[in-house]
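The next block holds one structure in the form of structure tokens; read it before the comments.
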Amino acid sequence: MEEKRIMLGNEAIARGAYEAGVKLSSAYPGTPSTEISEFLAKYDEVYTEWAPNEKVALEVAAGASISGVRSMACMKHVGLNVASDPLYTIAYTGVNAGLVVVVADDPGLASSQNEQDTRMIARSAHLPLIEPSDSGEAKEFFKYAFELSEKYDTPVIFRTTTKLSHSQSVVDLSERVEVEDKTYERNMPKYVMMPASAIGRHKVVEARENQMAIDACDFPINKLEMGDKKIGFITSGIAYQYVKEACPTASVLKLGIINPLPRKLIEDFVKSVDVAYVFEELEPVIEEQVRSWGLDVKGKELFTKQGEYSANMLKKVIYGKDEVVFEKAEAPARPPILCPGCPHRSVFSVLNKLKIHAAGDIGCYTLGAVAPLNVIDTTICMGSSISILHGMEMAKGKDFIKNWVATIGDSTFLHTGVNSLINMVYNKASGTVMILDNRTTGMTGHQEHAATGKTLKGEDTYAIDLAELCRTIGVPRVITVDAFDIKTLESTIKESVNGDTLTVIIAKAPCALLKGQKFPDVCRCDTDACKKCGMCLKIGCPALTKQADGTVKIDETMCNGCGLCASYCKFGAIKKVAR
């Protein structure tokens, strides 16, 4: 089979998994990693699933590996925090069949709450980390990762970044290799990590890492490109592309494996050039190790630890300000905003009206923090909203949270919010938790989850009833409300925050962008009846604009007919009509 195809980096990783004979993949959606699983689900030979969170996904993949089949788990960088508990220990147990953990970092914070560097976690966990620089390498390196995993009896972290995940380049396709399952044999000292076993396995991990550091000098995924020896670059991943664009004649050592580093290969390269630069995004992971060996390199004193790099950045440092560069054009500023017809807007408009503070969470509803809704006060990580609210109550008392709620999405609630709610029940809390149930994982592109009734492959399955789940874990008061019924929402929230009973309010309405979601109506404003009070504008719907004369105009091409604006118009100027 000889075929070339232009692929996204994420699609290429999925193709690499298919060609490598992977039989199981478990993941939790998180930009920029989400599409890997969506592409992989198209291959019938691979069992794919959405897990409730990344910890579960990695444990599922580890179980498959121990049983004898090649497996993988996918997540974004902050998801690796959730998966760190099993990660650090399966570094000790090792594998039976190959196990690769795909982690997508997000330099520049395109869709994340921090810029953490997975390479540092790999070092801490003593796990090998591989990083490609384009889609073609993503596919081939992914296959190679399974070879290393099985040869060295270790999970392998496969790191990508936003730019690599979502850029395209040519990929050479190959046939799938059906890898024979490994035989499972009971091995308590290897797989049961109680202290006596772990002490012995720690020694194995150290020996493995030392051996890999030696062997890595000959790994084919490291590439030496000798050119002008006056200047040399040690680089990896997408940063390599910037080096080749900015300094095409320079000597380059492109590293495919970042942990452990191939020390002799790097030492020989640094000695062969007049000046050596380490060009790496985010933390000085390579640079600090190279400097610790006594090698003279230039790095973060010239290049920032923040954001994405570029060829222009490199040109300015190497050639000075007089070098002609193409400056990035700045698009007009457009504040982030909830979509027209979003049920979250309805909930936040009521909270804003009642002057209620919200401990927020990760998802589309984080946009409730910005004007004009201005409701969300805190956002830290998945599932944190409920714990934040609980901490406030336990620290300051019930009176403090009389004007507070926790808001969390349905997918995020199942991810880690349910544990926090159990904690509230157990420790006799009395706060108000609002689950904003829009029937999907909205922020990452509408993936299914355990309460939607569909699997990753689109098959029908049991849908968890969130209300019954809350009752089962002991929540004394659970109320389900139509997210667009603002009168019932208002009275329910008032009663709840002023009461002394732990309450979960499930505000339910589908995401406006869900496939198959139909909007038969549209809202129209009778400008003659409009009193120019601006109440409808306070909800911040982008379909509504204020005209020069103060009246409101509704863009029917944007309007999804949710009727929220009509609910706030006391004069009947806005009405829902058939589209």
Flag for E115-H77: side-chain donor and acceptor within less than 3.5 Å: no
Reported NZ-to-SG distance for the pair K576 and C559, which is rounded to 0.5 angstrom: 9.0 Å
Separation of D410 CG from D437 CG (nearest 0.5 Å): 4.0 Å
Worked check of side-chain contact (heavy atoms from CB on, under 4.5 Å) between T455 and E49: CA-CA 7 Å; T455 68; E49 68 175 27; over 6 Å; no
Exam field: side chain T551 to backbone Q547, donor-acceptor pair closer than 3.5 Å: no
Minimum side-chain heavy-atom gap Y309-T304 below 4.5 Å: yes
Intermediate values then yes/no, side-chain hydrogen bond (donor to acceptor under 3.5 Å, both in side chains), S135 and S169: CA-CA 5 Å; S135 298; S169 57; 3.3 Å; yes
Polar side-chain atom of T503 near backbone of S496 as donor-acceptor pair, under 3.5 Å: no
Side chain proximity check, I337 to L367, heavy atoms < 4.5 angstrom: no
Side-chain donor/acceptor of T452 to backbone N/O of H449, under 3.5 Å: yes
Any donor-acceptor N/O pair, K76 side chain to S111 backbone, under 3.5 Å: yes
Residues D361 and T412: side-chain donor-acceptor under 3.5 angstrom: no
Interatomic distance, Y47 atom OH to L40 atom CG [nearest 0.5 angstrom]: 12.0 Å
Distance-only polar pair, side chains of S310 and N312, donor-acceptor under 3.5 Å: no
Closest heavy-atom pair and its distance - T501, P476: CG2-CG, 3.5 Å
Under 3.5 Å side-chain donor-acceptor pair for Q447 and E38: yes
Nearest non-hydrogen partners of N560 and G341, listed with the distance: CB-CA, 4.1 Å
Ion pair check, E490 and K487, cut-off under 4.0 Å: no
Polar side-chain atom of N427 near backbone of A429 as donor-acceptor pair, under 3.5 Å: no
Aromatic plane relationship, H357 with W404 - under 30° parallel, 30 to 60° tilted, over 60° perpendicular: parallel
Within-4.5 Å side-chain heavy-atom neighbours: S71 and S25: no
Minimum side-chain heavy-atom gap I36-V102 below 4.5 Å: yes
Residues R15, E11: salt bridge by 4.0 Å N-O rule: no
Trace of the salt bridge (Lys or Arg N to Asp or Glu O under 4.0 Å) decision for D134 with K139: CA-CA 9 Å; D134 59 30; K139 192 208 77 165; over 6 Å; no
Presence of salt bridge, D105 and R159, under 4.0 angstrom: yes
Derivation of the salt bridge (Lys or Arg N to Asp or Glu O under 4.0 Å) call for E495 and R477: CA-CA 12 Å; E495 181 182 356; R477 191 164 180 258; 3.1 Å; yes
Criterion side-chain hydrogen bond (donor to acceptor under 3.5 Å, both in side chains) against S165, the qualifying member of T34, D106, N10: N10
Stepwise side-chain contact (heavy atoms from CB on, under 4.5 Å) test for E45 and K23: CA-CA 7 Å; E45 296 88 345; K23 290 187 177 179; over 6 Å; no
Heavy-atom check, side chain of F413 versus side chain of L421, under 4.5 Å: yes
Heavy-atom donor-acceptor pair, N352 side chain to L373 backbone, under 3.5 Å: yes
Derivation and outcome, side-chain contact (heavy atoms from CB on, under 4.5 Å), residues I539 and C565: CA-CA 7 Å; I539 63 176; C565 55; 4.0 Å; yes
Minimal non-hydrogen separation, C511 against P343, with atom names: CA-CD, 4.4 Å
Nearest non-hydrogen partners of L58 and P86, listed with the distance: CD2-CG, 4.0 Å
Test item: P52 and Y28 side chains (from C-beta on) under 4.5 Å apart, heavy atoms: no
Spacing of I386 atom CD1 and L389 atom CG [to the nearest 0.5 Å]: 8.5 Å
Intermediate values then yes/no, salt bridge (Lys or Arg N to Asp or Glu O under 4.0 Å), D526 and K575: CA-CA 8 Å; D526 181 352; K575 290 183 172 61; over 6 Å; no
Polar contact flag, side-chain donor to acceptor under 3.5 angstrom, D500-S430: no
Y18 and Y43 aromatic centres sub-6.0 Å: yes
Minimum side-chain heavy-atom gap E448-T441 below 4.5 Å: no
Donor-acceptor under 3.5 Å (T444 side chain, P29 main chain): no
side-chain contact (heavy atoms from CB on, under 4.5 Å) evaluation trace for F158 with V103: CA-CA 6 Å; F158 192 88; V103 185; over 6 Å; no
Candidates V481, L436, V405, T407 - the one meeting side-chain contact (heavy atoms from CB on, under 4.5 Å) with I505: V481
Non-hydrogen atoms of T480 and A467 that approach each other most closely: OG1-CB, 4.1 Å
Worked check of salt bridge (Lys or Arg N to Asp or Glu O under 4.0 Å) between R524 and E556: CA-CA 8 Å; R524 287 182 184 153; E556 293 188 15; 2.7 Å; yes
Rounded distance (nearest 0.5 Å) linking atom OG1 of T432 with atom NZ of K402: 9.0 Å
Pairwise side-chain contact, V82 with H415, heavy-atom cut-off 4.5 Å (strictly under): yes
Donor-acceptor contact below 3.5 Å, side chain R439 vs main chain A451: yes
Qualifying residue, where the test is side-chain contact (heavy atoms from CB on, under 4.5 Å) with M434 and the options are V504, I506, L489: L489
salt_bridge(K454, E459) N-O dist < 4.0 Å: no
Between T557 and D555: side-chain donor-acceptor atoms closer than 3.5 Å: yes
Sidechain-backbone polar pair: K531 side chain, F571 backbone, donor-acceptor under 3.5 Å: no
Test item: R345 side-chain N/O and G540 main-chain N/O as donor-acceptor pair under 3.5 Å: yes
Approximate separation, where rounding is to 0.5 Å, of T161 OG1 and E308 CD: 7.0 Å
